[in-house]
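Contents: one structure, followed by commentary.
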Amino acid sequence: MEAAASPYELIGGEAGVRALVKRFYAHMAAHEPALTRTHQCDDNGHVAVDVQDRFALFLMGWLGGPQTYTATFGHPRLRMRHGHVAIDSGLRDAWLRSMNAAVDAGQFNDDVLAHLRHAFAQMADFLRNVPDQVQS
């Protein structure tokens, strides 16, 4: 019996992940300037290419593909690596809007689409490190 395909395989392997990342950062640049500014940017104000490449490597491994990110940079330790950025619900939601737009623009079947949307929502909320303000 053939093993179930990983999300990495289902979205098209490395090429699929890199296309997803490209759509993610393009949406972020066009619609989420505050989120863009939390990243290392180039002289033109775009998220630096090495940041985009590192994120693609992370996603490849996270989605069940090659573990190049871990071999190169060590354990992802997402909360630690993002600890220098105050991530509140607004920033989390901005990140998720960009990722959902990138996912929605892909050619994924409904099951893959639902899996990705759910997994990315969990990741985005996990990285939130600033509690919501209670309004009285």
Side-chain angles (χ1 to χ4, degrees):
M1 182 161 110
E2 189 174 328
S6 67
Y8 172 78
E9 294 167 320
L10 292 172
I11 69 169
E14 181 175 352
V17 171
R18 290 195 182 277
L20 177 68
V21 168
K22 184 176 181 178
R23 292 190 303 269
F24 168 72
Y25 284 109
H27 185 276
M28 183 192 300
H31 303 284
E32 304 292 351
L35 180 61
T36 300
R37 287 190 300 272
T38 67
H39 294 76
Q40 177 187 349
C41 293
D42 62 22
D43 292 339
N44 296 318
H46 299 107
V47 174
V49 172
D50 63 321
V51 171
Q52 295 183 43
D53 288 342
R54 192 168 46 244
F55 184 53
L57 290 176
F58 165 75
L59 282 184
M60 286 179 214
W62 185 73
L63 292 167
Q67 299 299 310
T68 309
Y69 179 94
T70 301
T72 305
F73 301 105
H75 189 281
R77 295 185 189 104
L78 292 178
R79 287 188 65 109
M80 180 199 75
R81 292 185 195 267
H82 291 82
H84 67 284
V85 178
I87 303 172
D88 59 8
S89 294
L91 207 54
R92 174 205 58 198
D93 293 348
W95 187 92
L96 202 50
R97 281 190 298 272
S98 292
M99 185 52 74
N100 284 338
V103 168
D104 291 348
Q107 301 295 314
F108 309 129
N109 71 39
D110 290 343
D111 289 339
V112 172
L113 184 66
H115 171 80
L116 292 174
R117 282 179 145 267
H118 177 73
F120 285 129
Q122 285 184 314
M123 179 193 298
D125 199 53
F126 172 74
L127 289 174
R128 194 167 49 101
N129 58 17
V130 174
D132 292 330
Q133 299 294 327
V134 178
Q135 299 196 2
S136 41

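- Every residue two or more places apart in sequence or in another chain that forms a side chain to side chain contact (heavy atoms under 4.5 Å, CB included) with L78 is listed here: F58, P76, H82, M123, F126, L127.
- The distance from the CG atom of D110 to the CZ atom of R117 is 11.5 Å, given to the nearest 0.5 Å.
- Looking only at distances, a side-chain donor or acceptor of Y8 sits under 3.5 Å from a matching main-chain atom of E14.
- With sequence neighbours excluded, the residues that form a side chain to side chain donor-acceptor pair (under 3.5 Å) with S89 are D132.
- The main-chain N or O of S6 is found under 3.5 Å from a side-chain atom of E9 such that the two form a donor-acceptor pair.
- Within the 4.5 Å cutoff, the side chain of H31 has no heavy atoms near those of the R97 side chain.
- Looking at residues two or more places apart in sequence or on another chain, you find a side chain to side chain donor-acceptor pair (under 3.5 Å) between Y69 and R81.
- Here the CG-OH distance, from L35 to Y25, works out to 8.5 Å after rounding to the nearest 0.5 Å.
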Yes or no on side chain to side chain contact (heavy atoms under 4.5 Å, CB included) for I11 and L116, after CA distance, side-chain angles and deciding distance?
CA-CA 10 Å; I11 69 169; L116 292 174; 3.8 Å; yes

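- Atoms NE2 and OG1, from H75 and T70 in turn, are 7.0 Å apart once rounded to the nearest 0.5 Å.
- Interatomic distance, M28 CE to R23 CZ, rounded to the nearest 0.5 Å: 14.0 Å.
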What do the steps show when you test M60 against T68 for side chain to side chain contact (heavy atoms under 4.5 Å, CB included), and what is the final call?
CA-CA 8 Å; M60 286 179 214; T68 309; 6.0 Å; no

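- Once rounded to the nearest 0.5 Å, the distance linking CG of L20 with CG of L63 reads 8.0 Å.
- Summarising the geometry, atom CG belonging to D93 is positioned 9.0 Å from atom CG belonging to D125; distances are rounded to the nearest 0.5 Å.
- For Q67, the side chain to side chain donor-acceptor pair (under 3.5 Å) criterion is met by no residue, not counting sequence neighbours.
- Side-chain contact check for F108 versus L10: every heavy-atom pair is 4.5 Å or farther apart.
- The aromatic rings of F55 and W95 stand perpendicular to each other, their planes meeting at an angle above 60°, with 30° marking the opposite boundary.
- The side chain to side chain donor-acceptor pair (under 3.5 Å) test applied to H115 returns no partner, not counting sequence neighbours.
- Sorted by first and then second residue, the side chain to side chain donor-acceptor pair (under 3.5 Å) pairs involving residues 36-52 (not counting sequence neighbours) form an empty list.
- For the residue pair A94 and E32, the shortest heavy atom distance occurs at CB-OE1, 3.3 Å.
- In terms of heavy-atom proximity, I87 sits nearest to N129 at N-OD1, 2.7 Å.
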